[in-house]
J.: 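Dumping the structure here so I can ask a few things about it.
Within every chain, numbering begins at 1; the chains are lettered A, B, ... in the order of the sequence lines, protein sequences first and strands thereafter. Side chains included, hydrogens not; waters and symmetry mates left out as well; all remaining heavy atoms used.
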There are 2 protein chains.
Amino acid sequence: MNFKETHNLILNNVSRFIHLTDLEKQKYISLLTEIEVEKKTFLMQAGEVTKYEYFITKGCLKVYTLDKEGSPHISMFAVEDYWTGDLSSFMTKEPSMYFIKAIETSELLGISRANYDLLFQEIPKFERFYRNLYQKSLISYIRRSNYGISLTAEERYVEFKKKYPQIVSRITQKDLAAYIGITPEFMSKIISKVNRM
Amino acid sequence: MNFKETHNLILNNVSRFIHLTDLEKQKYISLLTEIEVEKKTFLMQAGEVTKYEYFITKGCLKVYTLDKEGSPHISMFAVEDYWTGDLSSFMTKEPSMYFIKAIETSELLGISRANYDLLFQEIPKFERFYRNLYQKSLISYIRRSNYGISLTAEERYVEFKKKYPQIVSRITQKDLAAYIGITPEFMSKIISKVNRM
DNA sequence: TAAAAGTCTTAAACTAGTTCATTTTTTTTC
DNA sequence: GAAAAAAAATGAACTAGTTTAAGACTTTTA
């Protein structure tokens, strides 16, 4: 059975946790929508109700909120083989607080809420897939929420660079500052200090 | 069908997401272990591999790490009807970084890793239960990890008090400071300031 | 390929939060 | 219920990170 390259990427991601028959693969693919986002344009904006959960097959995006002063706080960078979206708005159908903007022109596969619900009826083993996917994400967010309160900005930077070297090279220092939780000026100081060491 | 009071609590929690037959309820209960922890004693300590995931039927506990200076950072307070543990260590079977200590003498139901795995074989709809449970936790940890970098300590305190008033009254200011991510001294200042307003 | 827009660096003055030391208040323990 | 231990409050000196401003460098766009 032959699928498009992007479909192989998502099937491969799913196969980490569950095994699908060819028929199930076809069914699953039929529930997905192909989406392209140009560099610097929005996949979604705060105030909208999220229509999809996304799997990235190509590119790089940032997910962020704006605080009351209008400063951005980036909650994740999403690159190839990552899942992203606003799970809260997707589930509750309430307006999102998040913006998702393409750092590079990107290609994604989206699953709509209706198809997400349908998926569990049609192929119940996707409950298991999402149980595992959410479990893994939960573990990393628990760790991250602890890092936020227990490490200094410099330590958070060093950690990030060690854990995601491929991402560091694709984003600006300014965006990294908005992820770490500091100003771009202080980020600049940290980087020159760390490089001097 | 009649169950013990503590068993009704957990069955009621599970029924938020899935419906169980009486037989399935009995089976599920049979996979759980009853645990009691005295006030000020440990349910688990860093360095151990986590044996159970826990559901609290009575009491209050804190989950925390110690940083390299030996200062505590609390990642959650767990009270009645909450699930807790160290999911990472539970899944990977690697030693945990977390301590779990009873703030009040507490009663819990634990599920061992072996029984957790068995549960999905015996009652596959638990995949759905955990998919939903992890999804809800994930949503709140994503929010918390964003709060950590986008709000001031005072704002985080006000948020916490608004969201968990019942918990605030059961814990010390010192523990709340370790959760918010500040020193007890600064917590004291914030509280007196907020009360003056 | 020039101009415009955005990013990065540096520095000085500032503020949120820390550290350390002391006293008061509350809780625990025998 | 007295003594001991822990928690909370207060204040002064400090440090990590912010703000504002200006110039240099890099990328984007027409």
Side-chain angles (χ1 to χ4, degrees), chain A residues 37-42 60 62 64 66-74 77 99 101-105 147-161 167-197, chain B residues 38-41 59-60 62 64 66-74 77 101-105 147-161 167-197:
Chain A
V37 222
E38 286 291 320
K39 189 173 174 170
K40 293 192 188 178
T41 63
F42 289 99
C60 179
K62 56 183 173 185
Y64 64 97
L66 293 180
D67 65 24
K68 51 190 183 317
E69 279 82 38
S71 307
H73 297 280
I74 295 178
F77 296 105
F99 297 83
K101 196 173 188 176
I103 291 176
E104 303 165 3
T105 296
Y147 276 8
I149 59 166
S150 67
L151 301 185
T152 63
E154 184 176 327
E155 289 167 330
R156 277 175 274 152
Y157 166 67
V158 172
E159 276 293 327
F160 186 84
K161 210 172 133 182
I167 294 183
V168 173
S169 62
R170 294 167 80 170
I171 63 179
T172 61
Q173 262 175 235
K174 204 183 164 195
D175 278 346
L176 185 49
Y179 177 89
I180 299 279
I182 56 174
T183 58
E185 292 87 347
F186 194 55
M187 184 84 259
S188 174
K189 273 184 210 171
I190 287 176
I191 289 176
S192 76
K193 184 184 165 201
V194 170
N195 288 344
R196 258 183 286 117
M197 297 197 309
Chain B
E38 287 291 321
K39 190 172 174 169
K40 292 189 187 180
T41 63
C60 179
K62 57 183 173 185
Y64 64 97
L66 293 179
D67 65 24
K68 51 191 184 317
E69 278 82 39
S71 308
H73 298 279
I74 295 179
F77 296 105
K101 197 174 189 176
I103 291 176
E104 304 165 5
T105 296
Y147 277 9
I149 58 165
S150 68
L151 302 184
T152 62
E154 185 177 327
E155 290 167 329
R156 277 175 273 152
Y157 166 66
V158 171
E159 276 293 327
F160 186 84
K161 211 173 132 181
I167 294 182
V168 173
S169 62
R170 294 168 80 170
I171 62 178
T172 61
Q173 263 175 235
K174 205 183 164 195
D175 278 346
L176 185 48
Y179 178 90
I180 299 280
I182 56 174
T183 58
E185 292 88 343
F186 194 54
M187 183 85 260
S188 172
K189 276 179 207 174
I190 286 176
I191 289 176
S192 75
K193 184 185 164 199
V194 170
N195 289 343
R196 260 183 284 115
M197 296 198 308

J.: So if I take every side-chain heavy atom of K174(B) and compare against dG17(D), dA8(D), dT10(D), which nucleotide ends up nearest?
T.: dA8(D)

J.: Please give the angle, rounded to 10 degrees, between the axes at the start and the end of the helix from dT1(C)-dA30(D) to dC30(C)-dG1(D), where five pairs define each axis.
T.: 70°

J.: Rounded off to whole Å, could you give me the CD1-to-C1' distance for the I149(A) and dT18(C) pair?
T.: 16 Å

J.: Decide yes or no for F77(A) and F160(A): does some side-chain heavy atom of the first lie under 4.5 Å from some side-chain heavy atom of the second?
T.: yes

J.: Against T152(A), only a single residue in E154(A), R156(A), E155(A) fulfils side-chain hydrogen bond (donor to acceptor under 3.5 Å, both in side chains); can you say which?
T.: E155(A)

J.: Can you tell me the distance, in whole Å, between the CD1 atom of I103(B) and the P atom of dA7(D)?
T.: 11 Å

J.: Under 6.0 Å from the six-membered ring centre of Y64(A) and within 45° of its axis: does the NZ or CZ of K62(A) meet both?
T.: yes

J.: Look at the side chain of T105(B) and the backbone N and O of K39(B), then say whether any donor-acceptor pair between them is shorter than 3.5 Å.
T.: yes

J.: Kindly indicate whether the side chain of E104(A), heavy atoms from C-beta on, has any atom under 4.5 Å from the side chain of E38(A).
T.: no

J.: With a 4.0 Å cut-off on heavy atoms, is T172(B) in touch with a base, just the backbone sugar-phosphate, or nothing at all?
T.: sugar-phosphate

J.: Which sits closer to the 5' end of DNA chain C, K40(B) or T152(B), going by the nucleotide each is nearest to?
T.: T152(B)

J.: Just the rounded figure in Å: distance from P of dA16(C) to CD of E154(B).
T.: 9 Å

J.: Mind calculating the distance between CG (L151(B)) and P (dG17(D)) to the nearest angstrom?
T.: 17 Å

J.: Kindly point out which of dA9(D), dG17(C), dT10(C) is positioned nearest to the side chain of Q173(B)?
T.: dA9(D)

J.: Polar atom pairs between nucleotides 18-22 of chain D and protein, under 3.5 Å, N or O only, would you list them?
T.:
unit_1: dT18(D); atom_1: OP2; unit_2: T183(A); atom_2: N; d: 3.1
unit_1: dT18(D); atom_1: OP2; unit_2: T183(A); atom_2: OG1; d: 3.2

J.: Kindly give the heavy-atom pair with the smallest separation between A178(B) and P72(B), and that separation in Å.
T.: CB-O, 3.6 Å

J.: Can you measure E104(A) atom CD to dT27(D) atom P for me and round it to whole angstrom units?
T.: 14 Å

J.: Between dG17(D), dA9(D), dT10(C), which nucleotide has the shortest distance from any of its atoms to the side chain of R156(A)?
T.: dG17(D)

J.: In whole angstrom, give the distance that lies between atom CD1 of I190(B) and atom P of dT10(D).
T.: 14 Å

J.: What integer distance in Å separates I180(B):CD1 from dA16(C):P?
T.: 17 Å

J.: Using atom types as modelled and distance alone, determine if a side-chain donor or acceptor of R170(B) lies under 3.5 Å from a backbone N or O of G59(B).
T.: yes

